[in-house]
Amino acid sequence: MSLLRRLSKDSGQGGSGNTKRPVLRPQEQRVSTRQQVQSDLLRRVQNRLLNQLDPNLDLTKADEVKRTIRELLDQILQQENILLSRTERQRLFEQIVAEILGFGPLQPLLEDDTITEIMVNGPKQVYVERKGKLYKTNVQFQDDDHVMRIIERILAPLGRRVDESTPYVDARLPDGSRVNVVIPPIALNGPTITIRKFFRTPLTAEDLIRLGSLTPEALEYLKAAVVSRLNIIVAGGTGSGKTTLLNILSSYIPDDERIITIENAAELQLRQEHVVRLESRPPNIEGKGEITIRQLVINSLRMRPDRIIVGEVRGGEALDMLQAMNTGHDGSMSTLHANSPRDAISRLETMCLMAGVELPDRAIREQIASAVDVIVFAERMRDGSRKVTRISEITGMEGDVIQMMDIFAFEHQGYRDGKVHGRLKPTGLRSRFMDRFREAGIYLPPSVFGIGVASRR
């Protein structure tokens with residue numbers, strides 16, 4: 001008889017007590033008892049195992065640690081006369097390894113390539129995102145302290161901290177996945193973790209075309225824009241795929257250029273060799289030592305960059321980024337949150353005002369019109385898919401208004417079978433940067449812009 005069956009029998013399920021209990025169907029009773037037994041067993045064996053492990057054991061030697069854990073686990077199970085099936089023993093071993101070497105209950109979710117986001121709302125609620133849809137999992141932590149231990153394991157290698165004085169922090173996992181942590185007293189449900197996973201194999205441009213996020217024509221235009229050193233802003237809402245797009249666009253930067261990346265939490269995955277990665281730093285426990293994105297942008301100008309890539313502009317660093325784009329650092333790129341290309345321009349203007357520099361509105365708009373060449377706008381659709389819905393060029397100023405024209409726009413074709421149907425189509429307007437493309441040795445046929453296509457049909 002396995003331990004789970006034996007403990008289920010000893011737990012009083014069939015006893016004759018007078019204590020009133022909730023009436024559960026037999027299947028619910030088995031599932032509830034099994035989960036409770038597994039949780040209790042895991043906690044007991046894990047605590048004893050941790051007490052017996054050598055504190056000087058080098059955790060970086062994963063194979064040696066796993067071998068030690070398995071030997072101790074077999075020894076403990078034998079001493080306590082605990083009978084487990086092979087499957088149950090292996091599951092217990094994997095859970096203990098995850099607690100010691102990985103990220104506890106989150107480890108199986110992190111290893112599942114179908115999951116794109118993990119949301120921990122306190123110890124008893126864990127949700128995941130698959131294909132743009134949210135699902136509740138049966139993964140649970142023991143208590144708030146268990147969640148906090150996993151949070152500390154994430155933050156410790158990065159030199160970051162979270163406590164009552166600083167109850168929220170941004171971080172990253174070793175694979176580059178983005179992590180946000182919020183803890184009590186501002187998180188009322190308990191410690192909250194949000195992880196936006198990175199694909200183990202980064203998405204390529206071909207993947208975006210296959211998924212319907214981009215068209216070959218739009219990609220050909222964007223590749224020409226990157227190679228010919230146009231300044232590009234990738235805009236969109238939360239979870240719309242801005243960072244993925246920025247990664248793909250940056251892959252077209254020539255290998256003989258020096259690239260400086262600046263981020264709050266380093267997550268860009270540039271494939272070039274000559275890349276210098278800078279990351280902002282929060283203040284220490286004394287409130288000192290903070291390094292902001294704006295300081296890094298200013299410092300990067302002294303590092304002889306060919307291109308500056310800012311992971312995301314959120315405040316006054318927008319003004320310094322525009323200054324860099326206007327002073328010889330052509331081909332720079334960044335992302336920002338916005339609801340449309342026009343809104344991206346308005347947000348840039350607002351963020352420049354946050355720099356605390358007294359500039360008239362027209363001067364800021366002239367800086368934006370001169371610095372930004374292309375805005376790529378991405379959206380997260382109703383069905384959870386991510387699509388580029390607009391590619392616009394800045395054409396200059398008319399009066400006090402920045403002028404734009406759409407080169408590509410998404411044409412909605414309805415909502416069928418739970419999926420958004422449509423295609424990113426050229427508007428028929430030729431790019432104003434054709435001379436820049438030719439100077440870079442790039443020739444884009446008129447068909448890329450939808451010119452002459454109708455006549456040929």
Side-chain angles (χ1 to χ4, degrees), residues 218 221-222 224-226 228-238 240 242 245-246 249 262 292-294 297-298 300-301 307-379 388-410 424 426-437 449:
Y221 166 82
L222 290 175
V226 174
S228 58
R229 301 180 66 88
L230 300 186
N231 294 322
I232 300 174
I233 297 291
V234 180
T238 300
S240 58
K242 300 185 297 297
L245 271 173
L246 190 61
L249 293 180
I262 302 170
T292 65
I293 291 288
R294 187 176 185 190
V297 172
I298 294 172
S300 70
L301 301 178
R307 311 228 189 185
I308 299 173
I309 300 179
V310 182
E312 181 182 344
V313 287
R314 301 178 180 179
E317 65 270 9
L319 180 60
D320 299 288
M321 184 190 70
L322 293 176
Q323 294 294 318
M325 290 178 172
N326 273 326
T327 54
H329 301 92
D330 294 334
S332 296
M333 292 181 271
S334 182
T335 73
L336 60 82
H337 283 79
N339 295 323
S340 68
R342 175 61 62 183
D343 184 52
I345 296 297
S346 299
R347 286 215 64 222
L348 270 176
E349 185 176 345
T350 301
M351 289 187 289
C352 287
L353 295 173
M354 294 169 64
V357 180
E358 296 293 334
L359 288 175
D361 293 345
R362 182 176 176 85
I364 294 176
R365 290 170 189 160
E366 287 176 345
Q367 287 287 319
I368 295 173
S370 175
V372 180
D373 297 317
V374 178
I375 295 179
V376 182
F377 186 73
E379 283 188 63
V388 174
T389 58
R390 205 168 292 271
I391 301 176
S392 307
E393 291 183 354
I394 307 297
T395 58
M397 296 277 294
E398 186 172 316
D400 288 337
V401 179
I402 297 175
Q403 298 299 305
M404 305 171 60
M405 70 175 184
D406 292 338
I407 304 299
F408 293 89
F410 188 80
L424 185 65
T427 60
L429 298 176
R430 193 187 300 265
S431 171
R432 60 185 287 260
F433 298 108
M434 296 300 289
D435 290 340
R436 293 273 294 272
F437 297 160
F449 303 101

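Note that these values count all heavy atoms, side chains included, but never hydrogens, waters or copies made by symmetry.
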request  = Taking all heavy atoms of L424 and all of A218, pick out the closest pair and write down the distance.
outcome  = CD2-CB, 3.6 Å
Check: R430 side chain, F449 main-chain N or O, donor-acceptor pair, under 3.5 Å = no
query = Side chains of M397 and I402: does their closest heavy-atom pair fall under 4.5 Å?
reply = yes
inquiry  = Using the side chain to side chain donor-acceptor pair (under 3.5 Å) definition, which of the options E349, R362, Q323 pairs with Q367?
reply    = Q323
ask   = About how many Å separate CD of E393 and CD1 of I232, when rounded to the nearest 0.5 Å?
value = 10.0 Å
ask   = Does R294 use its side chain to pair, donor to acceptor, with the backbone of G315 at less than 3.5 Å?
value = no
remark   = Here the gap from N339 atom CG to E379 atom CD, rounded to the nearest 0.5 Å, amounts to 9.0 Å
ask   = Nearest 0.5 Å, what's the OG-CZ distance between S431 and F437?
value = 4.0 Å
ask   = Looking at side-chain heavy atoms only, is the closest gap between V297 and V313 below 4.5 Å?
value = no
query = How many angstroms lie between atom CG of D373 and atom CZ of R436, to the nearest 0.5 angstrom?
reply = 5.5 Å
task = Look at the side chain of R365 and the backbone N and O of D400, then say whether any donor-acceptor pair between them is shorter than 3.5 Å.
result = yes
Between CD1 on residue I368 and CD1 on residue I375, distance to nearest 0.5 Å = 9.0 Å
Donor-acceptor contact below 3.5 Å, side chain T335 vs main chain G311 = yes
ask   = Do D406 and L429 have side chains that get closer than 4.5 Å, going by heavy atoms?
value = no
task = Flag the pair I293 / D320 as yes when at least one side-chain heavy-atom distance between them is below 4.5 Å, and no otherwise.
result = no
request  = Step by step, work out the side chain to side chain donor-acceptor pair (under 3.5 Å) result for T292 and E317.
outcome  = CA-CA 9 Å; T292 65; E317 65 270 9; over 6 Å; no
query = Given the rule in the side-chain contact (heavy atoms from CB on, under 4.5 Å) test, do M333 and V234 qualify, once you have shown the distances and angles that lead to the verdict?
reply = CA-CA 8 Å; M333 292 181 271; V234 180; over 6 Å; no
request  = Using a 4.5 Å cut-off on heavy atoms from C-beta on, say whether the side chain of R229 contacts that of R307.
outcome  = yes
inquiry  = Before you tell me yes or no, could you show the steps for M325 and I233 under side-chain contact (heavy atoms from CB on, under 4.5 Å), namely the whole-Å CA-CA distance, both residues' side-chain angles and the distance that decides it to 0.1 Å?
reply    = CA-CA 11 Å; M325 290 178 172; I233 297 291; 4.3 Å; yes
ask   = Would you say C352 and L322 make side-chain contact, with heavy atoms under 4.5 Å?
value = yes
task = Please say which of L230, V388, I391, I407 ends up in a side chain to side chain contact (heavy atoms under 4.5 Å, CB included) with L222.
result = I391
message = Just to verify, which of L245, T389, L246 counts as forming a side chain to side chain contact (heavy atoms under 4.5 Å, CB included) with V376?
response = L245
ask   = Does any N or O in the side chain of S332 come within less than 3.5 Å of the main-chain N or O of I308, such that one atom is a donor and the other an acceptor?
value = yes
Considering all heavy atoms, the nearest G237-S240 contact = O-OG, 2.7 Å
task = Classify the ring geometry between F408 and Y221 as parallel (under 30°), tilted (30 to 60°) or perpendicular (over 60°).
result = tilted
message = With heavy-atom distances below 4.5 Å as the criterion, would you say the side chains of M354 and R314 are in contact?
response = no
message = So which atom in A224 and which in S228 form the shortest heavy-atom distance, rounded to 0.1 Å?
response = O-OG, 2.6 Å
Gap between atom CZ of R390 and atom CE of M404 - 0.5 Å precision = 8.5 Å
query = Can you find a pair of side-chain heavy atoms, one from S392 and one from F377, that are under 4.5 Å apart?
reply = no
remark   = Heavy-atom closest pair (M351 atom, A318 atom, distance to 0.1 Å) is CB-CB, 3.8 Å
